[in-house]
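Remember, it's a predicted structure, so these values are computed and weren't measured experimentally. Order of the sequence lines sets the chain letters (A, B, ...), proteins ahead of strands, with each chain counted from 1.
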2 protein chains.
Amino acid sequence: MQQLDKLDYKILEMMQVNNTVSQRDIGEAIGLSAPAVQRRITRLRETGVIRQDISIIDPEYLGSPITIVVQVEMETDKVTIINETKERFRKTPQVQQCYYVTGEVDFMLIIMVFTMKEYEALTHELFFNNPGIKRFKSSISMDIVKYGLAFPMPK
Amino acid sequence: MQQLDKLDYKILEMMQVNNTVSQRDIGEAIGLSAPAVQRRITRLRETGVIRQDISIIDPEYLGSPITIVVQVEMETDKVTIINETKERFRKTPQVQQCYYVTGEVDFMLIIMVFTMKEYEALTHELFFNNPGIKRFKSSISMDIVKYGLAFPMPK
DNA sequence: TGGTATTTTGCAATTTTGTTTCATTTTTGA
DNA sequence: TCAAAAATGAAACAAAATTGCAAAATACCA
């Protein structure tokens with residue numbers, strides 16, 4: 001993907017908040033025709049700038065969701081162990097996000113489950129059954145103050 | 001919103017991964033006509049089960065994004081102070097997510113910036129200029145292992 | 001259990017949106 | 001300055017979403 005211009009930024013800015021706006025409306029907002037907008041969106045998707053298009057679901061309507069921020073400390077820095085662990089986290093559906101971080105701990109996880117029983121089982125699966133893991137600390141969320149993936153466009 | 005049924009779950013399951021699939025395709029996958037799917041989606045949106053529809057953008061294409069997990073500890077538990085702080089986090093565009101958590105710290109933030117200068121300025125704005133905040137700890141992400149908001153449907 | 005009211009559904013028609021074509025304009029690079 | 005490449009808008013086209021309506025399924029109550 002060659003350099004993005006200001007029009008691309010504006011399109012991304014709109015779509016990272018609402019990707020159901022029509023190309024006509026986007027075009028009107030930024031001063032382009034619908035086909036021009038459509039070509040840009042297609043290219044943004046093909047090149048991976050737009051990585052995914054999703055609905056954000058409010059889990060409150062599906063039960064009593066429990067969000068937990070988990071800090072994971074590893075025994076070792078061995079690349080193979082780290083990579084295996086990453087792969088396991090990636091494949092676990094309850095893990096919404098996983099960051100490999102600097103500092104005292106190695107991983108930060110955002111996990112969502114619907115019961116504590118489910119979380120307990122998950123900790124066994126993810127942590128206790130994994131010899132590479134030294135310890136983990138769970139912080140339970142009492143309030144999801146902000147929830148999204150949007151960020152300000154640079155410059 | 002009255003009780004969701006299995007068909008709603010399936011629709012949500014599909015759309016939380018890709019909300020550009022056509023209603024016809026969804027209908028085919030779950031055994032409903034396109035209009036039936038459309039009515040369900042409309043209701044899911046109106047009632048807030050589907051909270052938002054967005055494009056996920058890969059910030060790598062816009063510069064050198066820096067993701068930071070920040071743990072924030074407050075001086076006090078006073079509700080007004082806590083609420084003001086929540087509101088500030090909510091309104092800050094660089095804050096992607098904010099969880100109010102149990103344990104040693106009070107808030108967990110996922111922050112994205114494009115330069116350390118920007119982060120430094122942000123810490124002043126959010127933390128140093130806020131007397132309610134006792135201390136904060138930044139963990140810089142070296143690798144975003146997993147990145148999303150999807151979760152497994154219950155049951 | 002039987003009957004009625006309510007809701008949900010599919011089909012067909014309509015409307016809106018997305019996509020393609022093509023000639024023109026703009027930008028790029030030599 | 002000029003030629004090649006890229007991007008654009010208008011119009012035509014295709015596909016998707018939406019609406020109206022009658023039939024089927026479900027829920028409710030006597």
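For A:Arg45, the salt bridge (charged side-chain N to carboxylate O under 4.0 Å, His left out) partners at least two apart in sequence or on another chain are A:Asp53. Residues passing the side-chain contact (heavy atoms from CB on, under 4.5 Å) test with B:Met142, sequence neighbours excluded: A:Tyr100, A:Thr102. For A:Phe127, the ring-ring contact (aromatic ring centres under 6.0 Å, His included) partners are A:Phe136, not counting sequence neighbours. Residues meeting the salt bridge (charged side-chain N to carboxylate O under 4.0 Å, His left out) test with B:Arg88, sequence neighbours left out: none. Annotation: side-chain contact (heavy atoms from CB on, under 4.5 Å) contacts of A:Gln16 (sequence neighbours excluded): A:Ala150, A:Phe151, A:Met153, B:Ile57. Contacts of A:Glu125 classified as salt bridge (charged side-chain N to carboxylate O under 4.0 Å, His left out), with partners at least two apart in sequence or in another chain: none. Taking the side chain to side chain donor-acceptor pair (under 3.5 Å) definition, one finds that B:Thr20 meets it with B:Asn18, sequence neighbours left out. For B:Asp77, there are no salt bridge (charged side-chain N to carboxylate O under 4.0 Å, His left out) partners, not counting sequence neighbours.
Per the geometry, CD belonging to A:Glu28 stands 13 Å off P belonging to D:dG9, to the nearest Å. Regarding B:Ile41, its CD1 atom lies at a distance of 13 Å from the P atom of D:dA16, rounded to whole Å. In this structure, the CG atom of B:Leu7 is 7 Å from the P atom of C:dT9, given to the nearest Å. Summarising the geometry, the separation between CD1 on A:Ile11 and C1' on D:dT8 is reported as 13 Å, rounded to the nearest angstrom. Rounded to a whole Å, the CZ atom of A:Arg40 is 11 Å from the C1' atom of D:dA6. A:Gln3 has its CD atom 17 Å from the P atom of C:dT27, to the nearest Å. The nearest whole Å value for the distance from the CG atom in A:Leu44 to the P atom in D:dA7 is 12 Å.
For the segment residues 14-25 of chain A, no residue has any heavy atom less than 4.0 angstrom from an atom of DNA chain D.
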Distance-only donor-acceptor pairs under 3.5 Å for side chains of residues 103-115 of chain A, two or more places apart:
from: A:Glu104; atom 1: OE1; to: B:Lys137; atom 2: NZ; distance (Å): 3.3
from: A:Asp106; atom 1: OD2; to: A:Met74; atom 2: N; distance (Å): 2.7
from: A:Thr115; atom 1: OG1; to: A:Glu118; atom 2: N; distance (Å): 3.0

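Taking 4.0 Å as the cut-off between side-chain N and carboxylate O, A:Glu13 and A:Lys10 do not count as a salt-bridged pair.
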So which protein nitrogen or oxygen atoms get under 3.5 Å of nucleotides 20-26 of chain C's nitrogens or oxygens?
from: C:dT21; atom 1: O4; to: A:Arg39; atom 2: NH2; distance (Å): 3.0

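Smallest separation of non-hydrogen atoms from B:Gly48 and A:Tyr61: O-CE1, 3.5 Å.
End-to-end axis angle of the helix from C:dT1-D:dA30 to C:dA30-D:dT1, using five pairs per end and rounding to 10°, comes to 50°.
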